[in-house]
There are 2 protein chains.
Amino acid sequence: MSDQQSEGMPRQSKRSRGGSAPTIYDIAKLAGVNPSTVSRALSQPGRINVKTEERIQAAAKELNYRVNPIARALPTGRTNTLGLIVADITNPVIFGIVRGAERAAADAGYTLVVAESQESGEREATAIERVMPSVDGLVLATSRLADAQIKQIAARKPVVVINRALEGVTGILPDVERGVGQLVAHLAELGHRSIAFVSGPETSWVSRRRWEALLAAAPERGMTIVEIGPGVPTLDGGTAAISRVIASGVTAVVAFNDLMAIGLLRVALERGIAVPSQLSIAGFDDIFGSDFTSPALTTVRTPLTEAGERAVRHLLSRVSPQPDGRRVNVESLLPTELVVRGSTGHPLADAGA
Amino acid sequence: MSDQQSEGMPRQSKRSRGGSAPTIYDIAKLAGVNPSTVSRALSQPGRINVKTEERIQAAAKELNYRVNPIARALPTGRTNTLGLIVADITNPVIFGIVRGAERAAADAGYTLVVAESQESGEREATAIERVMPSVDGLVLATSRLADAQIKQIAARKPVVVINRALEGVTGILPDVERGVGQLVAHLAELGHRSIAFVSGPETSWVSRRRWEALLAAAPERGMTIVEIGPGVPTLDGGTAAISRVIASGVTAVVAFNDLMAIGLLRVALERGIAVPSQLSIAGFDDIFGSDFTSPALTTVRTPLTEAGERAVRHLLSRVSPQPDGRRVNVESLLPTELVVRGSTGHPLADAGA
DNA sequence: CGAAACATGTCAACCGGTTGCCAAATGATG
DNA sequence: CATCATTTGGCAACCGGTTGACATGTTTCG
């Protein structure tokens, strides 16, 4: 019974299907060695006799062999894949992150799977559960999860968060103070004495940080500053804030992000308010399109592509430690910088009155 | 050194690691059945006695079991993953495609891996080779590969291409005529008698299609039309074309895409040309930011999110045929439509002279 | 009441690699 | 030339599911 396999015609030999991709068994047969030798030759160069290795390489090339990443992942647990979870793929702030992450991953021979949570914590948790088993690590950009949830995930797989400070979890964070300092100095030089900050969502860590930085920098230059908000971080969120901005009597307004700033800019122009002479407007992030406006938007740029890149490189350094000791410096903050365009300028002499 | 693992405690029993994820073997033990029964209970509801199935479900829930997609993929070949290859993730035309594709994939419980070719055919081929073994199908958006290469790939795995017509390969294509017809009608109604089309790259299938549609529609309305180009499909590409546009004496210009249109708009305003009274400008795609300009851009919208969605849904229908016969209608073209904003208007009476 | 039809669950092979252990071959050393 | 160290490559178990073949138990029906 047990030898029913061996009797009769030479029923298709154990390993060798027709159309399918070649396996190490095919190579082994062709090179006349054991499959395990092939595996070693391919993944641990040097472990095998040079002569044999060459023979195996030649056979592999002849068969046009590609290692099956799934078969490799099963025993090793390493998938050569990273996950990137974003709240909203079409949010321009995210694009850069995705690009940077994808590049860094591709450079290292890693594949990137992208999942979108659509701003929902629940969907985010689902998406994470789905990709978790098949990734070596996760980048959480703009996560909507609670700190505790993130920590729990970080305990299972390496995790890097972007734009969020979290005890025990690596975070890629911007040097908000730098860009804000430049912005405030810029406005002060132009002659502004009062600023309004139109803030974003109450729960936004980034919005809070930006506000704190402004709150610290403005008085140093002898400027007054007020916060208006919270508001939704969209064009409409900016539009909705205009009345309060005007009522506050400031000559310059800084919005939580470029989208809100553009909303402010549009509604201001509609109402016949001259920008920048009557009202200077600035935003954050330097998103795609922020220079499409007339006047173009002055903004504090956050290097988002670099954020994505760093996040992935740090993840990789934990997933597959580099022998040469190169380590990604995640301690240093991402440098932000002011981009001066047309939406900020000297206030009219009488405007400050 | 090598046996530090095995000394001491009674080396872990065959199936049951501590920290690791639970397996069907753990469930089997808990429910007192054979692992294969667990597998069937989980993947073929009904094949198993209801009573037993319940017991297994309970055990699975208790252990918080999640199927290991990699282990499942190895024997079945199905990975529940789709690949999306794009030329440039940060190209705003792509965003919508990515979002639509991701949503459709997530809805079906599929994971999406995204790879960027950075406009290089070689990188694209590499990226495809890398993801090929671990996906069930591929969406090629804005491929830079030759027709023959794509056909070769399509012979190995299900492939859907976006914005490209290719014998034997499913393509998601826009109904260019519809939007162009609306645009031409709109311009004619405004009183324009002459149009210039600033074209994109010579190799762009889409640019050619748009030009052909314009060429067919304009004369029907008694308008003259000229082509200016080819040019690079960027802001600068638009900017560079302004002199030739002015020289042509037209009152309306249609750019290959919104980016070029915005470039034209900006340089026109810089030169003191009034938009739309002296020159009406329109673009294609309705990209993010096309309404940030002053005046906002009139454009022919292509439903990119739907393109991504359709591409994935069609792929899914081939990968895992729906029992209910629902099929994705890929034959019908994606409806494009005119979005009228401020950059088009009545030409000045004397401008046509 | 016996046989055929059907339902249910087990066995064991398999997907395609990886890797610990070991035997044989080779080389170095005294 | 004997002895020991080092290479080299094979054996076989393993990763975690899936699935065809089959044995057993249960129903149905002539």
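Quick note on labels: first sequence line is chain A, next is B, and so on, each numbered from 1. Just so it is clear, the structure is predicted and the values come from calculations on it, not from any experiment.
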Novice: Taking the minimum atom-to-atom distance to the side chain of Thr23(A), which one of dG9(C), dG17(C), dT8(D) wins?
Specialist: dG17(C)

Novice: Please report the distance, rounded to the nearest Å, between CG in Leu63(B) and C1' in dG17(D).
Specialist: 16 Å

Novice: What's the angle between the local helix axes at either end of the helix from dC1(C)-dG30(D) to dG30(C)-dC1(D), using five pairs per end and rounding to 10 degrees?
Specialist: 40°

Novice: Can you tabulate the close N/O pairs, meaning under 3.5 Å, that link protein atoms to atoms of nucleotides 11-13 of chain D?
Specialist:
{"residue": "dC11(D)", "atom": "OP2", "partner": "Asn34(A)", "partner atom": "ND2", "Å": "2.8"}
{"residue": "dC11(D)", "atom": "N4", "partner": "Ser36(A)", "partner atom": "OG", "Å": "3.1"}

Novice: What is the distance from CD1 of Ile27(B) to C1' of dG9(C), rounded to the nearest Å?
Specialist: 16 Å

Novice: Who pairs with Arg144(B) by side chain to side chain donor-acceptor pair (under 3.5 Å), at least two apart in sequence or on another chain?
Specialist: Glu119(B)

Novice: Round to the nearest Å and state the distance from Glu54(B) atom CD to dG9(C) atom P.
Specialist: 12 Å

Novice: Compare every heavy atom of Val169(A) with every heavy atom of Ala154(A), then report the nearest pair and how far apart it is.
Specialist: CB-CG2, 3.9 Å

Novice: Which pair of non-hydrogen atoms, one from Val319(B) and one from Tyr110(B), has the smallest distance, and what is that distance?
Specialist: CG1-OH, 3.4 Å

Novice: Between Thr52(A) and Arg40(A), does the side chain to side chain donor-acceptor pair (under 3.5 Å) criterion hold? Intermediate values first, please.
Specialist: CA-CA 11 Å; Thr52(A) 314; Arg40(A) 288 203 177 87; over 6 Å; no

Novice: May I ask you to check whether over 12 heavy atoms, not counting those of Gln152(A), lie within 6.0 Å of atom CD?
Specialist: no

Novice: Rounded to whole angstrom units, what separation is found between the CG atom of Leu42(A) and the C1' atom of dG16(C)?
Specialist: 13 Å

Novice: From dT18(D), dG17(C), dG9(C), pick the nucleotide closest to the side chain of Ser43(B)?
Specialist: dT18(D)

Novice: Measuring from the side chain of Thr52(A) (C-beta onward, heavy atoms only), which nucleotide among dG16(C), dG17(D), dG9(D) has the closest atom?
Specialist: dG9(D)

Novice: Would one find more than 12 heavy atoms of other residues, nucleotides or ligands at under 6.0 Å from atom CD of Glu167(B)?
Specialist: no

Novice: Do NZ/NE/NH1/NH2 and the carboxylate oxygens of Glu116(A) and Arg99(B) come within less than 4.0 Å?
Specialist: yes

Novice: So, is Thr37(A) near the phosphate of dG10(D), with a side-chain N or O under 4.0 Å from OP1 or OP2?
Specialist: yes

Novice: Please report the distance, rounded to the nearest Å, between CD1 in Ile48(B) and P in dC6(C).
Specialist: 19 Å

Novice: Choosing from dG17(C), dG10(D), dT19(C), which nucleotide comes nearest the side chain of Arg78(A)?
Specialist: dT19(C)

Novice: Does CD in Glu129(B) sit with more than 12 non-hydrogen atoms of other residues, nucleotides or ligands closer than 6.0 Å?
Specialist: yes

Novice: Using whole Å, what does the distance between atom C1' of nucleotide dG20(C) and atom CD of Gln44(A) come to?
Specialist: 11 Å

Novice: Using whole Å, what does the distance between atom P of nucleotide dT8(C) and atom CD of Glu53(B) come to?
Specialist: 10 Å

Novice: What are the two closest non-hydrogen atoms of Asp136(B) and Thr79(B), and how far apart are they?
Specialist: OD1-N, 2.8 Å

Novice: Any salt bridge between Arg123(A) and Glu102(B), counting N to O under 4.0 Å?
Specialist: no

Novice: Tell me: CZ of Arg47(A) to P of dT6(D), nearest whole Å?
Specialist: 14 Å

Novice: For residues Thr170(B) and Arg310(B), is any side-chain donor paired with an opposing acceptor at under 3.5 Å?
Specialist: no

Novice: Near DNA chain D, counting only heavy atoms under 4.0 Å, which residues of residues 69-77 of chain B show up?
Specialist: Ala71(B), Arg72(B), Leu74(B), Pro75(B), Thr76(B)

Novice: Measure from the side-chain heavy atoms of Val33(A) and tell me the nearest of dT19(C), dT10(C), dG10(D).
Specialist: dG10(D)

Novice: Going from CD1 on Ile89(A) to CZ on Phe95(A), what distance comes out if it is rounded to the nearest 0.5 angstrom?
Specialist: 9.5 Å

Novice: Identify the two heavy atoms, one from Leu84(A) and one from Ala101(A), that lie closest to each other, and give their separation to 0.1 Å.
Specialist: CD2-CB, 4.1 Å

Novice: Check side chain to side chain donor-acceptor pair (under 3.5 Å) between Arg47(B) and all other residues, then give those that pass, not counting sequence neighbours.
Specialist: none

Novice: Detail all sub-3.5 Å separations between protein N/O atoms and N/O atoms belonging to nucleotides 25-27 of chain D.
Specialist:
none

